[in-house]
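Report on the following structure.
Order of listing sets the numbers, starting from 1, for every ligand and every atom in it.
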Amino acid sequence: MSKLFVQTLREFPSDAEVVSHKMLARAGFIRKLSSGIYNYLPLMWRVLRKVEAIVREEMDAAGAQELLMPFVQPRELWDESGRWEVYGKELMRLKDRHNREMCLGPTHEEVITAIARDGIKSYKQMPVNLYQIQSKFRDEVRPRYGLLRGREFIMKDAYSFDVDQDGLDKEYDNMAAAYTRIFERCGLATKMVQSDSGAIGGSVSHEFMVITDQDSGEDTVLYCPECGYAANSERAVSELEPEKTRSTLAPKEYHTPDIKSIEDLARHFGEPTNVILKSVVYIVDKKPVVAYIRGDREIQETKLKNALGANEIRLASNAEIEEIGLVPGFIGVKPIEIGAQMIVDNSVEGMEIFIAGANKKDYHVAGKIWATPTCDIGLAKENDSCVHCGAALKVTSGIEVGNIFKLGTKYSAPMNAVFLDENGKAKPYVMGCYGIGISRTAAAAVEAHHDEFGIKWPYAIAPYHAVVVPVSAEQMPVAQEIYEKLQAAGIETVLDDRDERPGVKFKDADLIGFPFRITVGKTIADGLVEFKVRSNGEMITIKPEEVENAIRARII
Ligand code: ATP
Ligand code: MG
């Protein structure tokens, strides 16, 4: 311990919002270099290497092969896939000294597809699954939560190449099984949930979520306790109650001075929010779109984006709303011809008589639904009915630690990455991609395993397995002996040989999160040491020679 490069802090860093960020920084695992960019200090690096080793073992066992692609990529490849234009600001673009445009790899579909294109010419060479473990860079809008959402982070990304959909389906299941094993071995319980696959219709993807009850989960998961349906809220569908909603107001215009919000309108009219039409104006790829939904529901922006086949979407400002001739707070439906596209959520279908803005300041109007096609752009909510079995859905928050994705020919077709099939016909590869956030997984383990005193590392990814703490100098020889024995037995051990009070040593041991602590104190007079298990607080006194077995008994 006296030689270990670790400086624990007395306080949590002031900019840390979530437990994993607070604890990893305070316990001396990470140090911030710049927003969303962290140094992985020796303790952290040991954890990350262990997560990587588990990922490698399982990926290799599943038949994938490791390679390493460059971190800096040329623009030309991104032009081939069409993503240079659409990737947005997360793509860190730069120029080299010859003025050639490059980017820092946020992901490697383009590069891997180019590699395959050069190497896989025949159906006989497939299936193939290639992966790497590497740093990625994404200029995230909101880098936060420490390693959970960094700008630079470590990812395992794998890409599979198959001759047909059937092959892809098999590899997808193979990867799903490997992922389940990987996270289990890392000491993490995960839920595999359906996820948003972007605007490409028909594609399939799943996320592996560590379920958390803290606020650190950036993702919301809806799941059915009855039939097992589970999906990210960006994708989750639900059944609304079939009853129609009807306002009791006479169909005419009403003076509603300065009453704009759904809640204020409901209070003003003494009506439930589900008879009020909610209108939200967005700027979608630079054009205005008015989205309508029932007053008690929320719009899910990813669903909206997909329904419109859009790249970028944001709320319109009041000025932008006025520019298209609408009055913020009093937006209505026809008859006025609005210079914006309209999109209507399915929930509006059941609104028989409803209250909407009158398209003029300080007026609302009660009226009947207008006939218009609707689609699903709404956020599914807790207690909505499951579309598969009708049971009430539940909601929880989660951390996405990995995902698997059926890409199909999304990259191979535009990049002309083809092989010759049995009949000598050229066909694009059918691809899948599979990511795991290595650094995010380590941080998620802290979210899942900690208490007020510090981290409780799962044994498999702990930086060290055990710490031996001599309470005073006289006990050092026994402590030293235990330390050497454990080390020799392959149990990675730290000897706390610092000249510190026992209280300080215990605090640091809890904070750093060694799975086992062996304390050599007064009881050594009776030939006994104290053996403490960090995960469950179990504490026993045993003979020094029993320590190794005590550890082994608790890790299988
Ligand atoms: P998210 O929705 O969280 O932004 P993503 O859909 O962009 O993730 P992918 O591009 O598929 O994720 O990346 C694969 C994995 O990499 C994710 O499952 C996640 O574990 C990890 N990851 C993605 N972005 C970050 C980040 N900014 N910081 C740390 N890990 C990340
Ligand atoms: Mg992302």
Side-chain angles (χ1 to χ4, degrees), residues 18 20-21 24 30 32 34-38 40 44 48 51-52 55 59 83 86-92 104-112 131-159 172 175-176 178-179 182-183 186 188 190-200 203-210 212 216-221 231-235 300-302 305-306 397-407 410-411 431-448:
V18 295
S20 60
H21 186 191
L24 289 173
I30 57 172
K32 185 160 130 183
S34 175
S35 169
I37 303 178
Y38 291 87
Y40 308 122
M44 191 73 227
L48 293 173
V51 176
E52 288 183 7
V55 169
M59 290 300 290
R83 282 210 292 185
V86 300
Y87 203 93
K89 290 186 175 153
E90 280 184 24
L91 186 64
M92 185 86 167
L104 301 185
T107 175
H108 280 69
E109 281 82 5
E110 281 79 3
V111 180
I112 199 81
Y131 77 96
Q132 66 174 345
I133 296 178
Q134 195 200 39
S135 289
K136 296 278 185 269
F137 195 93
R138 295 181 184 175
D139 204 355
E140 300 271 356
V141 225
R142 275 188 300 168
R144 54 178 184 166
Y145 298 166
L147 300 192
L148 286 178
R149 182 167 298 282
R151 292 201 293 167
E152 184 176 319
F153 56 97
I154 303 175
M155 195 204 286
K156 184 282 299 180
D157 44 327
Y159 306 87
Y172 191 80
M175 283 293 109
Y179 274 35
I182 286 169
F183 294 121
C186 289
L188 288 170
T190 51
K191 220 181 188 35
M192 177 169 148
V193 313
Q194 292 180 7
S195 61
D196 161 54
S197 335
I200 1 158
S203 50
V204 172
S205 64
H206 286 85
E207 291 165 345
F208 284 75
M209 294 279 189
V210 172
T212 55
S216 52
E218 281 192 309
D219 287 286
T220 304
V221 174
N232 190 309
S233 62
E234 294 179 342
R235 150 97 184 223
Q300 214 301 321
E301 293 185 2
T302 302
K305 191 164 112 177
N306 292 342
S397 82
I399 301 170
E400 177 200 326
V401 284
N403 63 24
I404 54 178
F405 206 126
K406 291 187 187 177
L407 292 171
K410 183 176 183 223
Y411 295 91
M431 293 172 58
C433 73
Y434 317 91
I436 288 182
I438 301 287
S439 42
R440 187 184 283 180
T441 297
V446 178
E447 295 290 337

For the 3.5 Å polar cut-off, considering only N or O atoms, please tell me whether Ser439 and ligand 1 meet it. no
For Arg83, is there an ion pair with Glu109 - N to carboxylate O distance below 4.0 angstrom? yes
Between ligand 1 and Leu148, can you find any atom pair, the residue atom being a heavy atom, that is separated by under 4.0 Å? yes
Under 4.0 Å from any heavy atom of Gly402, which atoms of ligand 1 are there? 18 (O)
Residue selection (non-hydrogen contact nearest atom 2 (O) of ligand 1) among Arg151, Arg440, Glu140, Glu400: Glu400
Using a strict 4.0 Å cut-off to heavy atoms of Val401, name the atoms of ligand 1 that fall inside it. 18 (O), 20 (O)
Regarding ligand 1, does Gly437 bring an N or O atom to under 3.5 Å of one of the ligand's N or O atoms? yes
So, Tyr131 versus His108, ring centres under 6.0 angstrom or not? no
Hey, does the Lys NZ or Arg CZ of Lys406 hover above the aromatic six-ring of Tyr172, less than 6.0 Å from the centre and inside 45° of the axis? yes
To which of Glu152, Arg138, Glu109, Glu90 does the heavy atom nearest atom 23 (C) of ligand 1 belong? Arg138
Please report the C-alpha distance between Arg151 and Asp139 in whole Å, then the side-chain angles of each, then the deciding distance to 0.1 Å, and finally whether the salt bridge (charged side-chain N to carboxylate O under 4.0 Å, His left out) criterion is met. CA-CA 5 Å; Arg151 292 201 293 167; Asp139 204 355; 2.8 Å; yes
Residues Lys156, Glu52: salt bridge by 4.0 Å N-O rule: no
Does Thr107 have a heavy atom less than 4.0 Å from any atom of ligand 1? no
Of all the heavy atoms in Gly150, does at least one lie under 4.0 Å from an atom in ligand 1? yes
Verify whether one side chain among Gln132 and Asp157 offers a donor that lies under 3.5 Å from an acceptor in the other. yes
Here the atoms of ligand 1 under 4.0 Å from any heavy atom belonging to Leu147 are 29 (C)
Does a donor on one side chain sit under 3.5 Å from an acceptor on the other, for Asp196 and Asn232? no
